[in-house]
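This report concerns only the one structure given below.
Residue numbers run from 1 in the order of the sequence given.
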Amino acid sequence: MNVTLKQAPTTPYTRILAMGAARGENAVPNDDLVGPIDSSDEWIRQRTGIATRTRANKETTAIDLSIAAANEAIATSGIDPSEVDLVIVATISNPRQSPSVSAIVADAIGATPAAAYDSNTACAGYCYGIAQADALIRTGAARYAVVIGAEKLSDIVDPTDRSISFLLGDGAGAAVLGPSDTPGVSVSQWGSDGSRADLVGMNHTLVEFRDGESEWPTLRQEGPSVFRWAVWEMAKVAKQALDDAGVAPEDLAAFVPHQANGRIIDEFAKQLGLPDSVKIARDIETTGNTSAASIPLATHRLLQEHPELSGGLSLQIGFGAGLVYAAQVVVLP
């Protein structure tokens, strides 16, 4: 007997329907951090563009932030939580190795039994999640997806580390994606360069900590090398993403890069030749670098401040630890 295998029905396009955000409860000014790194408010502002960063209370976790951001995004989207059948959480700060943040979040937002998984791609995580949700919806594996970037980096920062301690903040941003009659997410430019993975990442393993061979593992980076890589190599990726989408810089309504450093954002815009009409997200000034959460948080704030951008095209690019990167053009909700 011949049996024809059934496959999921496909849909041609997807788009982002709504955004949500949650930031750490505390605004931490530069002056609170300069002592251990022998620095100053002026130096931090000039080097990074950061005036304050949001950091969460001790008892608040990346899971809590994820749930809050997802709930806002779903409520704004107008869909019922039970219609969400995919939850992707990008994070490097799960308070436990297992279970996944995504499974807990899916249950908390009323999306059980949605498929759920975490993505450990650091600052590129949200863009990776958008690429995956877009593909899974178009191939029929899901209909509505929640993509979350969430971090509580204050748990994994050494306050004496001059290379990165003053950069990091806590927060979560979320997007709801669903099927669309018109294109809303371009093909993604994504990749990695593990040969230089030691430029940004954790300085020790949990096994070394367990065995008393190291202090609690924290993030560190080689700042100058990361700066050069981000500006020169990632500008090429962003340009390729525009080309793949059939979009010119002047067609953009917004540019939302990973909020790594104010100087990187400035140089990035210059490399891309963005006209003055393009709004550039600068959430880093008051939120700090929140790794996987930075792009959705910056997008959420940009839309709050400039609601007229809704329906416009936004180029977003994430890049960071492990030298993992991803970029795509999306239609803003």
Side-chain angles (χ1 to χ4, degrees), residues 12-16 19 88 90 119 121-138 145 147 149 173 175 177 180 182-194 196 226-261 264-275 277-284 291-300 302-303 309 311-333:
Y13 309 119
T14 71
R15 71 188 304 128
I16 296 173
M19 304 291 300
I88 303 172
S119 171
T121 39
C123 311
Y126 173 75
C127 291
Y128 260 65
I130 294 295
Q132 293 169 63
D134 166 61
L136 290 167
I137 292 171
R138 286 190 293 107
V147 176
L177 278 78
S180 172
T182 56
V185 179
S186 77
V187 63
S188 295
Q189 269 291 316
W190 54 352
S192 65
D193 183 1
R196 295 188 288 175
V226 172
F227 183 92
R228 289 191 294 271
W229 172 75
V231 168
W232 300 109
E233 297 304 318
M234 292 303 97
K236 298 175 186 176
V237 172
K239 290 176 181 177
Q240 187 61 56
L242 287 174
D243 289 344
D244 289 347
V247 172
E250 58 268 24
D251 296 325
L252 294 172
F255 174 48
V256 187
H258 165 47
Q259 304 290 290
N261 178 304
I264 289 176
I265 294 172
D266 292 339
E267 189 60 37
F268 227 140
K270 188 184 301 182
Q271 291 289 322
L272 292 174
L274 297 179
S277 59
V278 178
K279 298 292 184 184
I280 301 174
R282 299 185 184 278
D283 191 46
I284 190 170
S291 189
S294 77
I295 290 175
L297 283 175
T299 302
H300 183 274
L302 200 62
L303 287 170
L309 296 178
L313 297 176
S314 174
L315 169 63
Q316 54 189 32
I317 178 168
F319 49 86
L323 299 201
V324 177
Y325 57 87
Q328 63 262 134
V329 178
V330 302
V331 175
L332 292 168

### Task
Give the C-alpha distance, both sets of side-chain angles, the deciding distance and a yes or no for side-chain contact (heavy atoms from CB on, under 4.5 Å) between Q328 and C127.
CA-CA 7 Å; Q328 63 262 134; C127 291; 3.4 Å; yes
### Message
Assess the residue pair V247 and S186 against the criterion (side-chain contact (heavy atoms from CB on, under 4.5 Å)); give the C-alpha distance rounded to whole Å, side-chain angles, the decisive distance to 0.1 Å, and a yes or no.
### Response
CA-CA 10 Å; V247 172; S186 77; over 6 Å; no
### Query
Given the rule in the side-chain contact (heavy atoms from CB on, under 4.5 Å) test, do L313 and L332 qualify, once you have shown the distances and angles that lead to the verdict?
CA-CA 6 Å; L313 297 176; L332 292 168; over 6 Å; no
### Message
Between D266 and R282, is the side-chain contact (heavy atoms from CB on, under 4.5 Å) condition met? List the steps.
### Response
CA-CA 10 Å; D266 292 339; R282 299 185 184 278; 2.7 Å; yes
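Using cut-offs of 30° and 60° on the angle between ring planes, the pair W190 and Y128 is tilted.
Between S314 and V256, the closest heavy-atom pair is OG-CG2, 3.5 Å. Across all non-hydrogen atoms, the minimal contact from I16 to P333 is O-CB, 3.4 Å. Considering every non-hydrogen atom in both S180 and T182, the closest pair reads OG-O, 2.6 Å. The two atoms that bring R15 and V185 nearest to each other are CA-CG2, 4.4 Å, heavy atoms only. What you find for H258 and I265 is that their closest heavy atoms are O-CG1, 4.3 Å.
With Q259 contributing its side chain and D283 its backbone, the two residues share a donor-acceptor pair below 3.5 Å. No side-chain donor-acceptor contact under 3.5 Å links E233 to the backbone of W229. Remark: side-chain polar atoms of Q271 are not paired, donor with acceptor, to backbone N or O of W232 under 3.5 angstrom.
Taking OG of S119 as the reference point, atom CD1 of I88 lies at 7.5 Å (rounded to 0.5 Å). Taken to the nearest 0.5 Å, the CZ atom of F319 stands 8.0 Å off from the CD1 atom of I295.
In terms of the salt bridge (Lys or Arg N to Asp or Glu O under 4.0 Å) criterion, residue partners of R196 (sequence neighbours excluded) are, by chain and number, D193. Taking the salt bridge (Lys or Arg N to Asp or Glu O under 4.0 Å) definition, one finds that D251 meets it with nothing, sequence neighbours left out. Evaluation of the salt bridge (Lys or Arg N to Asp or Glu O under 4.0 Å) rule for R138 yields D134 as partners, not counting sequence neighbours.
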